[in-house]
Amino acid sequence: MKKTLIALAAFAAAGAASAQSSVTLFGIVDAAVTIGRGDATDFTGLTTNGYNSSRLGFRGVEDLGGGLQASFWLEAGIETDTGLGQATNETNLASGTGAAVAGRQGLTFNRRSTISLAGGFGELRVGRDYTPAFWNFTVFDPFGTNGVGTNQAYLGYAAAYGPTAVRASNSIGYFLPRNIGGFYGQAQYHFGEQSGAVAGIGEDDGNGYGLRLGYAAGPFDVAIAYGNTELAAGDRTNLNVAGAWNFGMAKVVAQYSRTESDAAGAFDVNGWMLGATAPVGAGEIRASYGQTEVDGGGDARGRKLALGYVHNLSKRTAVYTTIARVRNDGGASFGIGGAAAGVNGDATGFDLGVRHSF
(Lines give C-alpha, C1' and ligand atoms only; values in the text may rest on other atoms or scores of the structure.)
Protein backbone atom coordinates (compact mmCIF):
# COMPACT_ATOMS: atom_id res chain seq x y z
CA MET A 1 0.00 0.00 0.00
CA LYS A 2 2.80 2.36 0.94
CA LYS A 3 4.56 1.81 -2.43
CA THR A 4 1.28 2.40 -4.23
CA LEU A 5 0.72 5.69 -2.42
CA ILE A 6 4.28 6.78 -3.22
CA ALA A 7 3.81 5.90 -6.89
CA LEU A 8 0.52 7.80 -7.03
CA ALA A 9 2.15 10.82 -5.37
CA ALA A 10 5.02 10.74 -7.86
CA PHE A 11 2.58 10.47 -10.76
CA ALA A 12 0.58 13.43 -9.45
CA ALA A 13 3.74 15.50 -9.02
CA ALA A 14 4.82 14.70 -12.58
CA GLY A 15 1.40 15.71 -13.85
CA ALA A 16 1.58 19.03 -12.00
CA ALA A 17 5.04 19.72 -13.42
CA SER A 18 3.97 18.92 -16.97
CA ALA A 19 1.00 21.24 -16.61
CA GLN A 20 3.39 24.10 -15.91
CA SER A 21 5.84 23.41 -18.74
CA SER A 22 5.77 22.21 -22.34
CA VAL A 23 8.10 21.21 -25.15
CA THR A 24 7.07 21.46 -28.82
CA LEU A 25 8.57 19.87 -31.91
CA PHE A 26 7.99 21.99 -35.02
CA GLY A 27 9.28 22.46 -38.53
CA ILE A 28 8.80 23.34 -42.17
CA VAL A 29 9.67 21.30 -45.26
CA ASP A 30 9.80 23.32 -48.48
CA ALA A 31 10.99 22.32 -51.94
CA ALA A 32 10.66 23.86 -55.39
CA VAL A 33 11.67 23.36 -58.98
CA THR A 34 13.61 26.49 -59.86
CA ILE A 35 14.43 27.70 -63.35
CA GLY A 36 16.78 30.61 -63.97
CA ARG A 37 17.61 32.17 -67.31
CA GLY A 38 20.31 34.82 -67.60
CA ASP A 39 22.44 36.55 -70.18
CA ALA A 40 25.54 34.78 -68.83
CA THR A 41 24.34 31.37 -67.52
CA ASP A 42 21.17 29.32 -66.98
CA PHE A 43 20.04 27.03 -64.16
CA THR A 44 17.41 24.32 -63.69
CA GLY A 45 17.13 22.22 -60.54
CA LEU A 46 15.39 21.30 -57.32
CA THR A 47 15.90 23.90 -54.61
CA THR A 48 14.66 24.56 -51.09
CA ASN A 49 13.12 27.53 -49.25
CA GLY A 50 11.11 28.92 -52.15
CA TYR A 51 8.24 30.01 -49.90
CA ASN A 52 9.42 29.42 -46.33
CA SER A 53 12.81 28.39 -44.98
CA SER A 54 12.95 24.64 -44.23
CA ARG A 55 13.74 23.91 -40.59
CA LEU A 56 13.47 21.53 -37.65
CA GLY A 57 13.09 22.93 -34.18
CA PHE A 58 12.37 22.37 -30.53
CA ARG A 59 10.99 24.98 -28.17
CA GLY A 60 9.90 24.81 -24.57
CA VAL A 61 8.53 27.04 -21.85
CA GLU A 62 8.23 26.68 -18.07
CA ASP A 63 6.01 28.77 -15.82
CA LEU A 64 8.14 29.85 -12.86
CA GLY A 65 5.29 31.60 -11.07
CA GLY A 66 4.72 35.25 -10.37
CA GLY A 67 4.37 36.00 -14.06
CA LEU A 68 7.92 34.79 -14.83
CA GLN A 69 8.67 32.26 -17.56
CA ALA A 70 11.80 30.46 -18.70
CA SER A 71 12.05 29.18 -22.27
CA PHE A 72 14.44 27.76 -24.83
CA TRP A 73 14.42 27.65 -28.63
CA LEU A 74 16.62 25.41 -30.81
CA GLU A 75 16.04 25.71 -34.57
CA ALA A 76 18.10 24.09 -37.33
CA GLY A 77 17.99 25.00 -41.01
CA ILE A 78 17.82 22.07 -43.44
CA GLU A 79 18.17 21.71 -47.20
CA THR A 80 15.14 19.74 -48.38
CA ASP A 81 16.62 18.90 -51.76
CA THR A 82 19.68 17.19 -50.28
CA GLY A 83 18.92 16.56 -46.59
CA LEU A 84 21.98 18.55 -45.53
CA GLY A 85 22.03 20.74 -42.46
CA GLN A 86 23.00 24.39 -42.85
CA ALA A 87 26.25 25.83 -41.52
CA THR A 88 26.39 28.22 -38.55
CA ASN A 89 28.89 30.90 -37.48
CA GLU A 90 30.86 31.03 -34.24
CA THR A 91 32.52 34.46 -34.36
CA ASN A 92 30.24 36.66 -36.53
CA LEU A 93 33.08 36.89 -39.07
CA ALA A 94 33.42 35.31 -42.51
CA SER A 95 36.13 33.08 -41.04
CA GLY A 96 33.71 31.88 -38.34
CA THR A 97 31.74 29.72 -40.76
CA GLY A 98 33.58 26.43 -40.94
CA ALA A 99 33.87 24.66 -44.26
CA ALA A 100 31.42 21.76 -44.55
CA VAL A 101 32.74 18.37 -45.58
CA ALA A 102 30.88 17.49 -48.78
CA GLY A 103 27.96 15.19 -48.06
CA ARG A 104 28.42 15.23 -44.28
CA GLN A 105 27.22 18.63 -43.04
CA GLY A 106 25.34 17.63 -39.89
CA LEU A 107 22.37 19.30 -38.24
CA THR A 108 23.32 22.60 -36.56
CA PHE A 109 20.99 24.98 -34.76
CA ASN A 110 22.12 27.78 -37.04
CA ARG A 111 18.75 29.52 -37.27
CA ARG A 112 18.26 30.04 -33.54
CA SER A 113 19.73 28.74 -30.31
CA THR A 114 18.49 30.76 -27.34
CA ILE A 115 17.41 30.64 -23.71
CA SER A 116 15.12 33.31 -22.28
CA LEU A 117 13.56 34.76 -19.16
CA ALA A 118 10.34 36.71 -19.70
CA GLY A 119 7.82 38.53 -17.58
CA GLY A 120 6.12 41.88 -17.17
CA PHE A 121 9.50 43.54 -17.79
CA GLY A 122 9.75 42.05 -21.29
CA GLU A 123 12.11 39.28 -22.42
CA LEU A 124 15.83 38.78 -21.90
CA ARG A 125 17.17 36.40 -24.58
CA VAL A 126 20.72 35.10 -25.05
CA GLY A 127 22.36 32.90 -27.71
CA ARG A 128 22.25 32.89 -31.52
CA ASP A 129 19.33 34.95 -32.81
CA TYR A 130 18.05 37.25 -35.55
CA THR A 131 19.59 40.72 -35.59
CA PRO A 132 17.20 43.69 -35.20
CA ALA A 133 18.17 45.11 -38.62
CA PHE A 134 17.01 41.94 -40.40
CA TRP A 135 13.44 41.86 -39.10
CA ASN A 136 12.09 44.68 -41.25
CA PHE A 137 13.33 43.00 -44.43
CA THR A 138 11.51 39.73 -43.82
CA VAL A 139 8.36 40.92 -41.98
CA PHE A 140 7.51 43.55 -44.60
CA ASP A 141 8.46 41.56 -47.70
CA PRO A 142 5.55 39.91 -49.58
CA PHE A 143 7.97 37.06 -50.38
CA GLY A 144 9.51 36.87 -46.90
CA THR A 145 13.12 36.98 -48.24
CA ASN A 146 12.62 33.53 -49.82
CA GLY A 147 12.83 32.26 -53.38
CA VAL A 148 13.25 34.17 -56.63
CA GLY A 149 10.87 36.88 -55.40
CA THR A 150 13.15 38.03 -52.57
CA ASN A 151 13.25 41.80 -52.78
CA GLN A 152 16.30 43.44 -54.32
CA ALA A 153 16.81 45.80 -51.36
CA TYR A 154 17.42 42.84 -49.05
CA LEU A 155 19.85 41.17 -51.46
CA GLY A 156 21.91 44.35 -51.67
CA TYR A 157 21.92 44.74 -47.89
CA ALA A 158 22.89 41.11 -47.25
CA ALA A 159 25.78 41.25 -49.72
CA ALA A 160 27.13 44.52 -48.29
CA TYR A 161 26.57 43.99 -44.56
CA GLY A 162 28.36 40.70 -44.00
CA PRO A 163 28.00 37.68 -41.68
CA THR A 164 25.56 39.32 -39.21
CA ALA A 165 23.12 40.55 -41.85
CA VAL A 166 20.54 37.97 -40.66
CA ARG A 167 21.71 36.40 -37.40
CA ALA A 168 24.38 36.92 -34.76
CA SER A 169 26.01 34.39 -32.47
CA ASN A 170 26.97 35.10 -28.84
CA SER A 171 24.21 37.70 -28.50
CA ILE A 172 22.39 39.26 -25.55
CA GLY A 173 18.99 40.64 -26.47
CA TYR A 174 16.08 42.42 -24.86
CA PHE A 175 12.50 42.68 -26.15
CA LEU A 176 9.94 45.17 -24.93
CA PRO A 177 6.89 43.70 -23.15
CA ARG A 178 3.71 43.21 -25.13
CA ASN A 179 0.64 45.38 -24.74
CA ILE A 180 2.34 48.75 -24.25
CA GLY A 181 0.09 50.80 -26.45
CA GLY A 182 1.07 49.17 -29.74
CA PHE A 183 4.82 49.75 -29.39
CA TYR A 184 7.32 46.90 -29.82
CA GLY A 185 11.08 46.80 -29.92
CA GLN A 186 14.35 44.93 -29.58
CA ALA A 187 17.89 45.75 -28.48
CA GLN A 188 20.82 43.40 -29.01
CA TYR A 189 24.56 43.23 -28.45
CA HIS A 190 26.70 40.44 -29.91
CA PHE A 191 30.29 39.36 -29.27
CA GLY A 192 32.87 38.18 -31.79
CA GLU A 193 34.79 36.58 -28.92
CA GLN A 194 38.21 37.24 -30.45
CA SER A 195 41.41 37.13 -28.39
CA GLY A 196 43.35 39.37 -30.75
CA ALA A 197 45.90 36.58 -31.26
CA VAL A 198 44.96 35.94 -34.91
CA ALA A 199 46.78 38.11 -37.45
CA GLY A 200 44.51 40.63 -39.14
CA ILE A 201 41.67 40.16 -36.63
CA GLY A 202 41.29 42.57 -33.72
CA GLU A 203 39.81 41.84 -30.30
CA ASP A 204 36.59 43.69 -31.16
CA ASP A 205 36.00 42.17 -34.60
CA GLY A 206 32.61 40.48 -34.74
CA ASN A 207 31.25 42.64 -31.94
CA GLY A 208 28.18 44.69 -32.72
CA TYR A 209 24.77 45.92 -31.71
CA GLY A 210 21.32 46.57 -33.10
CA LEU A 211 18.11 48.40 -32.21
CA ARG A 212 14.56 48.15 -33.54
CA LEU A 213 11.43 50.09 -32.58
CA GLY A 214 8.00 49.70 -34.10
CA TYR A 215 4.36 50.66 -33.69
CA ALA A 216 1.35 48.62 -34.77
CA ALA A 217 -2.30 49.61 -34.36
CA GLY A 218 -5.23 48.30 -36.37
CA PRO A 219 -4.26 48.05 -40.05
CA PHE A 220 -1.08 50.13 -39.62
CA ASP A 221 2.42 48.83 -38.79
CA VAL A 222 5.74 50.68 -39.08
CA ALA A 223 9.25 50.00 -37.73
CA ILE A 224 12.76 51.43 -37.90
CA ALA A 225 15.97 49.51 -37.22
CA TYR A 226 19.71 50.10 -37.01
CA GLY A 227 22.65 47.70 -36.89
CA ASN A 228 26.43 47.91 -36.53
CA THR A 229 29.12 45.21 -36.71
CA GLU A 230 32.86 45.66 -36.35
CA LEU A 231 34.93 43.88 -39.02
CA ALA A 232 38.65 43.90 -39.77
CA ALA A 233 38.07 45.33 -43.24
CA GLY A 234 35.86 48.12 -41.85
CA ASP A 235 32.69 48.47 -39.79
CA ARG A 236 29.29 47.81 -41.39
CA THR A 237 26.17 49.79 -40.50
CA ASN A 238 22.60 49.60 -41.72
CA LEU A 239 19.59 51.83 -41.22
CA ASN A 240 16.23 50.67 -42.52
CA VAL A 241 12.59 51.59 -42.17
CA ALA A 242 9.51 49.69 -43.31
CA GLY A 243 5.76 49.91 -43.02
CA ALA A 244 2.49 48.24 -43.98
CA TRP A 245 -1.18 49.16 -44.28
CA ASN A 246 -3.81 46.45 -44.44
CA PHE A 247 -6.85 47.58 -46.44
CA GLY A 248 -8.58 44.22 -46.05
CA MET A 249 -8.79 43.48 -49.75
CA ALA A 250 -5.01 43.96 -49.94
CA LYS A 251 -2.01 44.84 -47.78
CA VAL A 252 0.53 47.34 -49.10
CA VAL A 253 4.13 47.36 -47.84
CA ALA A 254 7.20 49.54 -48.36
CA GLN A 255 10.86 49.42 -47.32
CA TYR A 256 13.96 51.60 -47.48
CA SER A 257 17.49 50.58 -46.51
CA ARG A 258 20.99 52.12 -46.49
CA THR A 259 24.10 50.06 -45.75
CA GLU A 260 27.48 51.73 -45.24
CA SER A 261 31.00 50.31 -44.95
CA ASP A 262 34.20 51.84 -43.59
CA ALA A 263 36.33 49.47 -45.66
CA ALA A 264 38.80 51.06 -48.06
CA GLY A 265 37.30 51.32 -51.53
CA ALA A 266 33.90 50.05 -50.39
CA PHE A 267 30.65 51.58 -51.65
CA ASP A 268 27.45 52.39 -49.80
CA VAL A 269 24.33 50.49 -50.84
CA ASN A 270 20.80 51.93 -50.98
CA GLY A 271 17.69 49.83 -51.54
CA TRP A 272 13.93 50.20 -51.59
CA MET A 273 10.90 48.05 -52.27
CA LEU A 274 7.16 48.50 -52.81
CA GLY A 275 4.89 45.47 -52.58
CA ALA A 276 1.46 44.08 -51.87
CA THR A 277 -0.41 40.90 -50.96
CA ALA A 278 -4.06 40.18 -51.69
CA PRO A 279 -6.15 37.22 -50.47
CA VAL A 280 -8.03 35.37 -53.22
CA GLY A 281 -10.22 32.53 -51.97
CA ALA A 282 -7.94 29.87 -50.48
CA GLY A 283 -4.87 31.60 -51.85
CA GLU A 284 -2.89 34.82 -51.92
CA ILE A 285 -1.38 36.92 -54.70
CA ARG A 286 2.02 38.46 -53.95
CA ALA A 287 3.82 41.21 -55.86
CA SER A 288 6.79 43.53 -55.38
CA TYR A 289 9.11 45.91 -57.20
CA GLY A 290 12.47 46.80 -55.70
CA GLN A 291 15.86 48.29 -56.41
CA THR A 292 19.40 48.10 -55.08
CA GLU A 293 21.83 50.88 -56.02
CA VAL A 294 25.54 51.04 -55.21
CA ASP A 295 26.84 54.59 -54.67
CA GLY A 296 30.01 55.27 -56.64
CA GLY A 297 31.80 52.95 -59.03
CA GLY A 298 29.38 53.73 -61.85
CA ASP A 299 26.28 53.68 -59.62
CA ALA A 300 25.52 50.04 -60.34
CA ARG A 301 21.81 49.29 -60.05
CA GLY A 302 19.61 46.21 -60.11
CA ARG A 303 15.81 46.39 -60.33
CA LYS A 304 13.49 43.45 -59.76
CA LEU A 305 9.81 42.85 -60.49
CA ALA A 306 8.22 39.77 -58.88
CA LEU A 307 4.77 38.20 -59.02
CA GLY A 308 3.61 35.08 -57.20
CA TYR A 309 0.65 33.04 -56.03
CA VAL A 310 0.24 30.76 -52.99
CA HIS A 311 -2.64 28.27 -52.80
CA ASN A 312 -3.38 26.79 -49.37
CA LEU A 313 -4.45 23.16 -49.61
CA SER A 314 -4.88 23.13 -45.81
CA LYS A 315 -3.70 25.11 -42.79
CA ARG A 316 -0.31 23.40 -43.05
CA THR A 317 0.21 22.62 -46.73
CA ALA A 318 0.49 25.02 -49.63
CA VAL A 319 1.61 25.02 -53.25
CA TYR A 320 3.16 28.15 -54.73
CA THR A 321 4.65 29.68 -57.83
CA THR A 322 6.70 32.83 -58.38
CA ILE A 323 8.19 34.50 -61.42
CA ALA A 324 10.63 37.42 -61.21
CA ARG A 325 12.88 39.40 -63.52
CA VAL A 326 15.91 41.51 -62.66
CA ARG A 327 17.42 44.19 -64.89
CA ASN A 328 20.91 45.61 -64.34
CA ASP A 329 22.68 48.78 -65.41
CA GLY A 330 25.63 50.92 -64.35
CA GLY A 331 27.85 47.85 -64.20
CA ALA A 332 25.59 45.71 -61.98
CA SER A 333 25.25 41.96 -62.55
CA PHE A 334 22.64 40.70 -60.08
CA GLY A 335 21.50 37.18 -60.93
CA ILE A 336 18.35 35.27 -60.02
CA GLY A 337 17.23 31.68 -59.63
CA GLY A 338 20.77 30.35 -59.84
CA ALA A 339 21.35 32.09 -63.20
CA ALA A 340 23.98 34.80 -63.79
CA ALA A 341 22.89 37.96 -65.57
CA GLY A 342 26.23 39.32 -66.70
CA VAL A 343 27.26 42.97 -66.46
CA ASN A 344 24.30 45.23 -67.34
CA GLY A 345 22.37 42.08 -68.27
CA ASP A 346 18.96 40.68 -67.42
CA ALA A 347 17.83 37.46 -65.75
CA THR A 348 14.52 35.73 -65.07
CA GLY A 349 13.70 33.27 -62.30
CA PHE A 350 10.78 30.88 -61.74
CA ASP A 351 9.77 28.79 -58.70
CA LEU A 352 7.12 26.06 -58.51
CA GLY A 353 6.98 24.36 -55.14
CA VAL A 354 5.21 22.91 -52.14
CA ARG A 355 5.49 23.74 -48.44
CA HIS A 356 4.36 21.71 -45.43
CA SER A 357 4.58 22.89 -41.82
CA PHE A 358 4.17 20.87 -38.64
Side-chain angles (χ1 to χ4, degrees), residues 53 57 59 61 64 66-73 75 92 111-142 144-145 151 153-154 157-158 160-192 206-230 235-246 251-260 270-273 275 277:
S53 298
R59 58 176 179 256
V61 60
L64 301 176
L68 187 65
Q69 289 185 330
S71 62
F72 74 90
W73 191 301
E75 186 175 327
N92 300 318
R111 291 182 55 83
R112 180 171 166 183
S113 175
T114 62
I115 185 168
S116 303
L117 286 176
F121 59 88
E123 179 185 354
L124 179 65
R125 183 187 298 177
V126 299
R128 178 169 173 82
D129 200 8
Y130 287 111
T131 57
F134 170 72
W135 277 113
N136 287 346
F137 289 104
T138 190
V139 170
F140 296 97
D141 183 352
T145 60
N151 83 74
Y154 166 74
Y157 152 76
Y161 196 80
T164 56
V166 179
R167 301 174 180 87
S169 296
N170 319 311
S171 72
I172 299 174
Y174 169 74
F175 293 80
L176 290 175
R178 300 178 181 179
N179 303 320
I180 54 172
F183 288 98
Y184 58 89
Q186 175 189 8
Q188 181 189 78
Y189 188 87
H190 53 81
F191 299 91
N207 293 356
Y209 62 91
L211 301 167
R212 181 172 183 248
L213 180 65
Y215 177 77
F220 179 71
D221 190 359
V222 64
I224 185 171
Y226 178 82
N228 174 278
T229 295
E230 296 187 43
D235 292 1
R236 305 293 196 273
T237 61
N238 174 263
L239 175 67
N240 65 70
V241 61
W245 192 286
N246 193 336
K251 181 169 74 172
V252 178
V253 295
Q255 298 178 12
Y256 172 77
S257 166
R258 180 171 177 83
T259 305
E260 299 180 353
N270 298 308
W272 56 265
M273 185 274 295
T277 59

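Numbering starts at 1 and runs along the sequence shown.
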K.L.:
State, yes or no, whether a side-chain contact exists between Leu211 and Pro132 at a heavy-atom distance under 4.5 Å.
P.N.:
no

K.L.:
Between Arg111 and Glu75, does any NZ, NE, NH1 or NH2 come within less than 4.0 Å of an OD or OE carboxylate oxygen?
P.N.:
yes

K.L.:
Quick one: does Phe121's side chain get under 4.5 Å of Leu68's, heavy atoms only?
P.N.:
yes

K.L.:
With side chain to side chain contact (heavy atoms under 4.5 Å, CB included) as the test, pick out the partner of His190 among Asn92, Asn207, Asn170.
P.N.:
Asn92

K.L.:
To the closest 0.5 Å, what do you measure between CG (Asn151) and OG1 (Thr138)?
P.N.:
9.5 Å

K.L.:
Looking at Gly127, is its backbone amide N or carbonyl O close enough to the side chain of Ser171 to form a donor-acceptor pair, meaning the two atoms are under 3.5 Å apart?
P.N.:
yes

K.L.:
Do the rings of Phe134 and Tyr130 sit parallel, tilted or perpendicular, given the 30° and 60° boundaries?
P.N.:
parallel

K.L.:
Measure the CG-OH distance between Asn240 and Tyr226 for me, rounded to the nearest 0.5 Å.
P.N.:
11.5 Å

K.L.:
At what distance, to the nearest 0.5 angstrom, does CG of Asn228 lie from OH of Tyr189?
P.N.:
9.0 Å

K.L.:
If we check side chain to side chain contact (heavy atoms under 4.5 Å, CB included) with Val166, which of these qualifies: Trp135, Tyr157, Tyr161, Tyr154?
P.N.:
Tyr154

K.L.:
To the nearest 0.5 Å, how far apart are CZ in Phe137 and CG in Asn238?
P.N.:
4.5 Å

K.L.:
Answer whether the closest heavy-atom distance between the side chains of Tyr256 and Leu239 falls below 4.5 Å.
P.N.:
no

K.L.:
Working to the nearest 0.5 angstrom, can you tell me the gap between Arg112 CZ and Phe72 CZ?
P.N.:
11.0 Å

K.L.:
Working to the nearest 0.5 angstrom, can you tell me the gap between Arg167 CZ and Gln188 CD?
P.N.:
12.0 Å

K.L.:
What closest approach, in Å, do Ala160 and Thr259 show between heavy atoms, and which atom pair accounts for it?
P.N.:
CB-CG2, 3.9 Å

K.L.:
Could you report the tightest heavy-atom contact between Ala133 and Ala225, atom names first, then the distance?
P.N.:
CA-CB, 3.9 Å

K.L.:
Check each of Tyr184, Tyr215, Trp245 against Asp221 using the side-chain hydrogen bond (donor to acceptor under 3.5 Å, both in side chains) test, and report the only one that passes.
P.N.:
Tyr184

K.L.:
Would a 4.5 Å heavy-atom cut-off, applied to side chains only, mark Val253 and Thr277 as touching?
P.N.:
no

K.L.:
So does Phe140 get a backbone contact from the side chain of Gln255, meaning a donor-acceptor N/O pair under 3.5 Å?
P.N.:
yes

